[in-house]
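One structure below.
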2 protein chains.
Amino acid sequence: MAESRSRDLRDQCAEVALKLIGEVGVEGLSIREVARRLGVSHQAPYKHFASSNHLLAEVVRRMYADFSAYLLSRPKGRNEAESMENLGIAYFEFAMRNPLHYRLMFGNPLPDPDQHPEMMSEARAAFTILLDSIAAARGGKNVKLDQLDALFVWSSLHGLSTILRTNALDEIGLKQAVLSEALPHTLMRIGVALGI
Amino acid sequence: MAESRSRDLRDQCAEVALKLIGEVGVEGLSIREVARRLGVSHQAPYKHFASSNHLLAEVVRRMYADFSAYLLSRPKGRNEAESMENLGIAYFEFAMRNPLHYRLMFGNPLPDPDQHPEMMSEARAAFTILLDSIAAARGGKNVKLDQLDALFVWSSLHGLSTILRTNALDEIGLKQAVLSEALPHTLMRIGVALGI
DNA sequence: TTCATAGGTTGACGCCGTCAACTTAGTCCT
DNA sequence: AGGACTAAGTTGACGGCGTCAACCTATGAA
């Protein structure tokens, strides 16, 4: 009972923290406000998280887990090449549909990775999905080349997602038509580059 | 005299703020600490910056200006293709040599762009350098295609820089050899993709 | 000479994170 | 059954932060 109640509070903290971040941004996350919204004292969350950064790390860890799940749930495709393409689409979709989640994972001021190993192991799992898919598409004969290309693909997708998300490009003067074609164009270029 | 003294304080604030961010991270930036280090009262900076976010925006604006200057100062190359390659190298060099500057520009919790137009206009200038270079490399016949490819190139470079900078990859288990080859490999892939 | 104003000062307010000390309820030996 | 231990939650305090308000002072224009 105590076990379940406490687990409840831990979960609820992470949940409310995410909602709060959505409202006021990462820098507005306040452990006291989380406690307030849950109707508990300002110290209660400290029984479950050593510091406010640990709370943030837990939120981020969950985002990585969601991300991995989304990538894995993509349509399979009839062959490895199609599966790769679907992966690219899924990656981008996730970033566009869940900008907050994506920003939390790859936005910068993350809790120091060294101090939050559980967060990092979830991140590693996400990258592994991408790496495996590339290796599969090419028979996995040249591990190093696969890794380099996985990095290349990830870079391109990540960069595009980040850039489009910021709205910086509206300001820069690119037309909407350009922006909406950016993903298929990038996927096409990646295909050309990798000879798939 | 008053003019020059005040301009001094404004400049000094931005300078000290950058150094402070380097020490304690963006989230540790404190207007009071800046004032303390400059030996002025905690309110003095407010005569030059409306809020601490405005101070941050000024710091970021300067980073964009430095970035543009670095890109423009790259070796010219004997032809447009070489000039493009040098641009890619310069982009990446800047990101690796000045991780703090780079993180400030593209790390997430930036001051709201709408409220800091001077910051954004400096950012626009940096993207224009890249766009112009791509257009030049291809004679500028197809504007939309040039824009799409500029976006593709920028995405790839930006993504790679961001990913490598986080050290996430060490944790993920990639060998050092892979990481050191990542840039040339990515530039090569971009070349293949664009048929340059 | 007057006087508005830019730049700088002190003081106060209400947030925040976090340490410390206390309460309470449940668990586990004996 | 009873007592010790512990996990989970509470209240209270401290110092740091951003920022509003009020005050001071020199300078340059009228």
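In the text below, chain A, chain B and the rest are named by the order of the sequence lines, each starting its count at 1. Only this structure's heavy atoms are used, side chains among them; waters, hydrogens and symmetry mates stay out.
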Distance test, side-chain N/O of [X] to OP1/OP2 of [N], below 4.0 Å:
X: B:Y46; N: D:dG18; result: no
X: A:S30; N: C:dG17; result: yes
X: B:R36; N: D:dC17; result: yes
X: A:S51; N: C:dG17; result: no
X: A:H48; N: D:dG9; result: yes

Sugar-phosphate only, base, or nothing, as touched by A:L55 at under 4.0 Å among non-hydrogen atoms: nothing

Sugar-phosphate, base or nothing in reach of A:L38, heavy atoms under 4.0 Å: nothing

How many whole angstroms separate atom [atom1] of [X] from atom [atom2] of [N]?
X: B:E33; N: D:dG15; atom1: CD; atom2: P; answer: 17 Å
X: A:Q12; N: D:dG9; atom1: CD; atom2: C1'; answer: 14 Å
X: B:I31; N: C:dT9; atom1: CD1; atom2: P; answer: 14 Å
X: B:L20; N: D:dG16; atom1: CG; atom2: P; answer: 15 Å
X: B:D11; N: C:dG7; atom1: CG; atom2: C1'; answer: 15 Å
X: A:K47; N: C:dT23; atom1: NZ; atom2: P; answer: 14 Å

If you measure from the Lys or Arg side-chain nitrogens to the Asp or Glu carboxylate oxygens, is any gap between [X] and [Y] under 4.0 Å?
X: B:E85; Y: B:K76; answer: no
X: A:K19; Y: A:E15; answer: no
X: A:E181; Y: B:K144; answer: yes

Pair B:H185-A:D149, side-chain donor/acceptor within less than 3.5 Å: yes

Heavy-atom pair of closest approach, residues A:T186 and A:S156: CG2-CB, 4.3 Å

All salt bridge (Lys or Arg N to Asp or Glu O under 4.0 Å) counterparts of A:E82, not counting sequence neighbours: A:R78

Residues that A:E93 engages under salt bridge (Lys or Arg N to Asp or Glu O under 4.0 Å), provided they are two or more places apart: A:R97

A:S52 side-chain proximity, nearest of C:dT18, C:dG8, C:dC16: C:dT18

Under 3.5 Å between N/O atoms: give me all the protein pairs with nucleotides 10-14 of chain C, atom names plus distance.
residue: C:dG11; atom: O6; partner: B:H42; partner atom: NE2; Å: 3.1

